[in-house]
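Here's the structure, in C-alpha cells; my notes come after.
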Amino acid sequence: MESSPQLLIAICTYNEIDNLPWLYERLRARFNDATLLIVDDGSPDGTGQWCDGIATTDQYFRVLHRGKKSGLGSASIVAFEYAIEHGFQCVLTMDGDRSHDPSDSQNVVRKLLASNEHDISIGSRYVNGGGITGWPWHRHVMSRCINLFSRVMLGLQVRDCSSAFRCYRVRLLERIDFSTIQGTGYAYLEEILWRAKQLNAVIVEQPITFNNRSEGVSKINLREAYRAVWIIFKIGCSRPLQHNPTP
C-alpha cells in the first residue's frame, strides 16, 4: 500500500455499477490516501448513488455528478480542472470497466515519477511487455489503424496514442487551454498528446495488459471511431500552420 496524498485517481463512469466496486477495492488496497475522483455522467444503473455512499465513509473519495452522458473527453477535462483547482501534483486516469488492471496502476505512476522531466506516463499496450486479452480481431485492427494514423498525422512518437490509462503532471495540465480541445469523446486522447507535444512535454510509456471488459457494455462504437479519425485529420492538416509556443 502506497502513500500518495498528492495523487488524484480519476475515473469517468457511465453505467459501471457492476465494475466500480471491484475497481475501488483494488485501488484502495494499493493507494491508501490517494484521492479517488469519480466523474459520473448521470448513470441510470445506480453508479452515482453507490459513489455517494462510499463518499460518506472514505475521506479520500469524491464524486462529481453530471446530468447526462457527455463524453469521455469532457468528463476527463472536468477531472483535470479539479486536480488543478485542488493543488494535486499528478492525475492517474483509468477506465471504469476493469480493462485497466489495478495491479498495473502503481507502475504507471512510478514511471511518471521516475524522472522529474516526465510529464505524461502512458500505460501502453504496444511496447515490449504490453498486451491485450479478449479482443476480437476487428478491435485489434481498428486500434492499430487509429494509432498509426495518429502518429502519421500528428507527428507523435508514442506507440499507444489511444490508451486512456495515463498519469499526468498537473504542472503540464495547467499549461493546456482546455477550451481548445475539440474531442469531447475518445478523440481527446490523441488530441491532448498533440497539445502536450506542442509544449515540448516528455511522454513515456509503461507496458500494461489491457483486458476486454467482462461486465457491462463497451462505449466504443464506429461513430466514436469515425469522429476520432476526423478530429485527428483536421488537427493534422492544420499542423504546418501551427506555431509551437515557447514552453
Side-chain angles (χ1 to χ4, degrees), residues 11-16 18-19 23 41 69-77 92-105 107-108 111 120-168 181-197 201 203-239:
I11 302 172
C12 303
T13 58
Y14 183 77
N15 286 349
E16 295 294 358
D18 294 328
N19 296 307
L23 183 58
D41 274 4
K69 186 178 179 182
S70 300
L72 176 65
S74 62
S76 297
I77 288 172
L92 176 68
T93 59
M94 299 178 65
D95 288 345
D97 59 3
R98 303 197 201 185
S99 58
H100 296 152
D101 193 331
S103 65
D104 287 324
S105 58
N107 289 334
V108 174
K111 186 73 170 183
I120 303 176
S121 167
I122 298 177
S124 179
R125 300 160 290 184
Y126 300 132
V127 295
N128 289 338
I132 299 169
T133 63
W135 265 10
W137 67 269
H138 65 273
R139 285 289 300 276
H140 286 279
V141 172
M142 183 171 69
S143 177
R144 289 285 189 176
C145 288
I146 285 287
N147 274 281
L148 177 61
F149 187 65
S150 300
R151 290 195 296 272
V152 172
M153 292 299 297
L154 305 181
L156 299 172
Q157 302 300 313
V158 175
R159 301 302 303 173
D160 197 344
C161 303
S162 58
S163 171
F165 199 174
R166 299 176 179 176
C167 197
Y168 299 84
I181 299 289
Q182 301 176 51
T184 59
Y186 288 87
Y188 102 93
L189 292 166
E190 294 84 5
E191 183 177 358
I192 202 166
L193 291 181
W194 177 78
R195 295 190 181 279
K197 178 176 176 286
I203 304 172
V204 293
E205 295 183 82
Q206 168 68 31
I208 57 100
T209 298
F210 182 96
N211 304 296
N212 195 32
R213 70 153 60 227
S214 58
E215 303 290 340
V217 179
S218 174
K219 300 355 180 247
I220 296 286
N221 53 46
L222 283 176
R223 182 177 180 181
E224 278 286 352
Y226 290 147
R227 177 164 177 77
V229 169
W230 173 239
I231 290 174
I232 293 166
F233 177 76
K234 285 198 300 179
I235 295 172
C237 288
S238 71
R239 270 208 301 152

Atom CD in Q182, atom CD1 in I235: separation rounded to 0.5 Å? 5.0 Å
Ring-plane angle category for F210 and H100, please: parallel below 30°, perpendicular beyond 60°, tilted otherwise. perpendicular
Please report the C-alpha distance between K197 and L154 in whole Å, then the side-chain angles of each, then the deciding distance to 0.1 Å, and finally whether the side-chain contact (heavy atoms from CB on, under 4.5 Å) criterion is met. CA-CA 9 Å; K197 178 176 176 286; L154 305 181; over 6 Å; no
Residue pair S143 / Y126, side-chain donor-acceptor N/O under 3.5 Å: yes
Is there a side-chain contact (heavy atoms from CB on, under 4.5 Å) between W194 and C161 once you walk through the steps? CA-CA 10 Å; W194 177 78; C161 303; over 6 Å; no
Does the side chain of P136 reach to within under 4.5 Å of the side chain of M142, using non-hydrogen atoms? no
Ignoring hydrogens and geometry, is there a side-chain-to-backbone donor-acceptor pair from Q206 to S121 under 3.5 Å? no
Under 3.5 Å: donor-acceptor pair, side chain of E205, backbone of R159: yes
In sequence, state the C-alpha distance, the side-chain angles, and the governing distance for E190 and I146, and then conclude on side-chain contact (heavy atoms from CB on, under 4.5 Å). CA-CA 9 Å; E190 294 84 5; I146 285 287; 3.4 Å; yes
Backbone N or O of A164 within a donor-acceptor pair of the T93 side chain at under 3.5 Å? yes
Any idea which heavy atoms bring G71 and S74 closest together, and the distance? O-OG, 3.1 Å
Which of these, L189, V127, L193, sits in a side-chain contact (heavy atoms from CB on, under 4.5 Å) with I122? L193
Is the ring pair F149/F233 parallel, tilted or perpendicular, if the boundaries are 30 and 60 degrees? parallel
Between R98 and L23, is there a donor-acceptor pair closer than 3.5 Å when you use the side chain of the first and the backbone of the second? no
Among all residues two or more places apart in sequence or in another chain, which pass the salt bridge (charged side-chain N to carboxylate O under 4.0 Å, His left out) test with D41? R66
Between the NE2 atom in H140 and the SG atom in C145, the distance rounded to the nearest 0.5 Å is 13.0 Å
Going through the checks in order, is the side-chain contact (heavy atoms from CB on, under 4.5 Å) test met by N212 and R139? CA-CA 10 Å; N212 195 32; R139 285 289 300 276; 4.1 Å; yes
Answer yes or no: is there a donor N or O on one side and an acceptor on the other, between the side chain of D97 and the main chain of S99, under 3.5 Å? yes
L156 CG to L148 CG distance, which is reported to the nearest 0.5 Å: 11.5 Å
Is there a side-chain contact between L92 and R166 (heavy atoms, below 4.5 Å)? no
Distance from S124 atom OG to D104 atom CG, nearest 0.5 Å? 11.0 Å
CZ of R125 to CG of D160: how many Å apart, nearest 0.5 Å? 4.0 Å
Can you tell me how far the CG atom of L72 sits from the OG1 atom of T13, to the nearest 0.5 Å? 11.0 Å
All heavy atoms of G123 vs all of I208, minimum pair found to be C-CG1, 3.3 Å
